[in-house]
Amino acid sequence: MPLKVYNSLTREKETFTPINAPYVGMYVCGPTVSGESHLGHARPFITFDVIYRYLLYLGYKVRYVRNITDAGHFEEEGREAEDKISKKAVLEKLEPMELVQKYTNLYHWAMRRFNNLNPSIEPTATGHIIEQIEMIKKIIADGYAYEANGSVYFDVEKYNTDFSKKGQPYGILSGRILEDQLDTTRELDNQDEKRNKSDFALWKHAPAEHIMRWQSPWGEGFPGWHIECSAMSTKYLGEEFDIHGGGMDLVFPHHECEIAQSTVCNHKTPARYWLHNNMITINGKKMGKSYNNVIRLTELFSGSHPALTQAYHPMTIRFFILQSHYRGTLDFSNEALQAAEKAMKRLWEAYNWLQQSGICGADTAGDVALDEKVKKLVDEFDEFMNDDFNTAKVLANMFELVSVINSIKDKHISAESLSTTTVALLQTQLKAYVEDIFGLQSERSADDGKLEGVLQLLIDIRKEAKTRKDFVTSDKIRNELAALGVQLKDEKGGGMSYTFS
RNA sequence: GGUCAUGUGGCCGAGCGGUGAGGCACAGGUCUGCAAAACCUUAUACGGCGGUUCAAAUCCGUCCAUGACCUCCA
């Protein structure tokens with residue numbers, strides 16, 4: 001069964017066929033680094049990281065481009081009021097590139113903690129001003145943009161009239177019809193400069209107090225919101241590439257405008273497959289700046305937010321996101337995250353035990369039905385992922401396998417119930433999926449050997465005490481370690497293991 | 001107002017025409033010096049009302065509720 005993806009452009013699941021297999025070009029809209037990333041931002045980055053990893057697993061050579069928006073209309077978060085009071089303070093406080101660097105660093109730090117792979121190219125908008133200006137010039141030359149007071153606007157109506165004839169009307173992605181839009185847009189600045197309300201900015205004239213500005217044929221200004229993605233995707237992935245991804249809230253207007261710009265310049269719809277993840281909600285509402293309900297990633301990792309009852313590890317968040325399908329909304333709550341935390345721990349411990357257990361199964365399976373069941377559960381991993389990346393179903397199968405693994409560990413089931421090939425398949429595929437595709441890793445930071453050694457010593461002492469039936473000593477060791485956050489667990493057959501809480 | 005989604009058990013979430021996905025919580029049991037963990041078992045469900053069908057959580061209609069987007073937002 002080949003990979004199928006839901007294409008927002010056609011509104012159906014389609015078989016994924018790269019333009020130049022085995023090469024795949026994927027562009028994903030990255031962060032605007034004018035402020036800190038929050039939980040809502042984490043979803044697209046984790047979603048597309050898993051998609052990237054899965055494409056690699058399938059053997060594709062992927063060029064993954066994820067931009068950083070570091071140009072545009074910037075104000076430091078929460079400082080708006082102050083800015084108005086004292087422009088001097090702004091000048092002292094905000095060197096634009098300093099601000100951008102600060103939030104870019106913070107963003108990269110969060111991505112690493114999530115164990116997201118680095119994209120192949122991470123271009124910045126400020127690094128591609130020239131490309132953007134060139135693109136705008138081309139659009140003007142073709143007659144689809146006009147200048148007004150040092151700003152340049154895209155002529156949506158002309159585009160729609162001309163390109164509708166070619167089957168590429170404005171609104172092709174979002175399903176909007178231009179005529180329906182005319183009276184529905186809200187009031188914005190400088191609307192009077194535009195010929196039509198639906199026109200959007202390619203280049204904006206910078207007022208005197210604007211902190212980021214560049215020289216252009218139309219005077220000093222800064223690029224419009226949409227043009228950077230068109231310029232950079234064309235530069236690094238070509239006029240036509242395979243996948244364009246981002247959050248659903250970008251479908252209109254951002255991606256719609258991107259399509260219009262690129263189509264004028266390159267005479268092609270830029271991407272074949274448009275993939276969009278849904279939002280993370282909190283109490284049923286989208287998490288976003290405009291709702292004042294954001295939980296920043298730093299707050300999430302440290303637990304320092306009034307809505308949080310505890311800190312959450314990045315892997316808990318990652319697991320939480322993988323438990324739902326990327327096109328559905330995902331509702332945040334402490335209860336839900338705590339559930340994810342426990343589930344992740346159970347999965348990881350079983351997985352970890354399997355890899356270290358040294359079990360190898362029998363030449364012929366002792367329990368044919370179970371052997372078949374395990375094989376089926378593992379084989380379905382690929383099948384589920386090929387059905388538009390259904391990570392939730394893969395996880396469901398994994399938990400059925402966790403029961404089998406733990407039963408073998410507790411010796412309720414003999415390791416010889418499974419055949420050697422099935423055990424090997426289970427080990428390889430679980431590793432491929434848990435670590436390589438889902439990108440999960442132990443919540444515990446890598447410890448040095450000393451701690452291991454100390455714990456082993458305490459475990460030995462406790463074992464001796466238990467043999468002497470000296471439960472005072474054995475309980476003391478267990479209780480005091482528990483107070484320090486190390487949990488000892490007696491196992492069948494006198495073994496002892498520990499986990500960190 | 002326009003466009004498009006969604007409504008599943010205490011909570012989070014798959015499924016989208018026919019054996020009740022899965023996780024967490026809860027209850028009972030097994031194991032155990034005790035505990036934890038683990039394992040086993042059980043319960044609770046598809047927004048309301050109609051319709052199609054041998055069969056509907058799944059398809060159709062309608063009503064209700066919620067959400068997203070409508071040029072700052074992942």
Side-chain angles (χ1 to χ4, degrees), chain A residues 11 28-32 34-35 37-45 47-48 72-73 75 156 171 174-177 180-186 188 191 194 197-201 224-226 245-254 256-257 276-281 284-291 294 319-320 323-325 327-347 349-350 384 390-400 402-407 409-413 466 469 471 474-475 478-479 482 487-492 497 499:
Chain A
R11 286 151 202 271
V28 174
C29 289
T32 301
S34 59
S37 296
H38 58 75
L39 177 57
H41 297 107
R43 169 102 108 146
F45 303 139
T47 297
F48 286 100
H73 192 87
E75 276 159 356
V156 171
S174 59
R176 277 156 215 267
I177 295 161
D180 297 346
Q181 298 273 310
L182 297 177
D183 300 321
T184 59
T185 47
R186 44 188 163 151
L188 286 171
Q191 287 287 0
K194 297 184 187 177
K197 270 190 162 181
S198 52
D199 293 351
F200 58 89
W225 179 32
H226 317 295
M248 261 181 197
D249 51 351
L250 295 179
V251 170
F252 190 90
H254 184 55
E256 199 69 73
C257 296
H276 292 101
N277 64 276
N278 215 317
M279 304 295 107
I280 283 185
T281 56
K285 265 211 182 332
K286 171 187 162 185
M287 188 178 286
K289 258 195 255 179
S290 31
Y291 295 107
V294 302
F319 180 90
F320 176 62
Q323 257 189 322
S324 67
H325 188 259
R327 275 192 295 111
T329 54
L330 174 59
D331 201 46
F332 165 90
S333 67
N334 283 288
E335 214 181 347
L337 273 192
Q338 281 158 11
E341 184 178 80
K342 287 187 184 166
M344 164 71 196
K345 191 173 175 214
R346 192 157 85 92
L347 172 66
E349 280 173 17
F384 293 155
N390 200 327
T391 55
K393 286 186 93 171
V394 173
L395 278 176
N397 273 22
M398 280 187 188
F399 278 99
E400 296 212 31
V402 164
S403 289
V404 176
I405 293 167
N406 284 332
S407 292
K409 178 177 143 210
D410 284 356
K411 304 198 168 28
H412 294 140
I413 295 176
K466 277 186 71 174
K469 297 222 185 289
F471 297 125
S474 70
D475 283 356
R478 188 176 65 196
N479 294 341
Q487 189 178 45
L488 290 188
K489 290 183 264 190
D490 294 345
E491 291 181 340
K492 299 279 183 306
S497 66
T499 55

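Convention: sequence-line order gives letters A, B, ...; per-chain numbering from 1.
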Give [X] one of three labels, base, sugar-phosphate or nothing, depending on what nucleic acid heavy atoms sit under 4.0 Å from its own.
X	answer
A/Lys285	sugar-phosphate
A/Leu330	sugar-phosphate
A/His38	base
A/His41	base
A/Ala343	sugar-phosphate
A/Gly288	base
A/Met279	base
A/Ser403	sugar-phosphate

inquiry  = Using the C1' atom as the point on both nucleotides, what is the distance between B/U8 and B/G15, in whole Å?
reply    =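 About 10 Å, rounded to a whole number of Å.
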
Now, which nucleotide makes the Watson-Crick or G-U wobble pair with [N], with each of the two distances under 3.5 Å?
N	value
B/U53	none
B/C16	none
B/C4	B/G67
B/A37	none
B/C31	none
B/C26	none

ask   = Are A/Gln323 and A/Leu330 side-chain neighbours, meaning at least one heavy-atom pair lies under 4.5 Å?
value =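 The answer is no, as the side chains (C-beta and beyond) never meet within the 4.5 Å cut-off.
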
Report yes if at least one side-chain N or O of [X] is closer than 4.0 Å to OP1 or OP2 of [N]; otherwise report no.
X	N	result
A/Lys286	B/C69	yes
A/Arg346	B/C24	yes
A/Asn278	B/G67	no

Could you go through nucleotides 25-29 of chain B and list every protein N or O atom that sits under 3.5 Å from one of its N or O atoms, giving the distance for each pair?
from	atom 1	to	atom 2	distance (Å)
B/A25	OP1	A/Lys342	NZ	3.0

Pick out the pairs of N or O atoms, protein on one side and nucleotides 42-48 of chain B on the other, that lie under 3.5 Å.
none

task = Give a yes or no on whether a donor-acceptor pair under 3.5 Å exists between the nucleobase atoms of B/G33, that is its base, and the side chain of A/Asp475.
result =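 Checked by distance alone, the answer is yes.
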
message = Whether the side chain of A/Arg176 and the base of B/C4 hold a donor-acceptor pair under 3.5 Å is what I'd like checked.
response =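 Check fails, no donor-acceptor contact within cut-off.
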
Is_stacked (A/Phe399, B/G23) at 5.5 Å, 30 deg =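 No; centroid distance or tilt outside limits.
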
inquiry  = Angle between ring planes, A/His226 versus A/His254, binned at 30° and 60°: parallel, tilted or perpendicular?
reply    =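 If you compare the ring of A/His226 with that of A/His254, the planes turn out tilted.
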
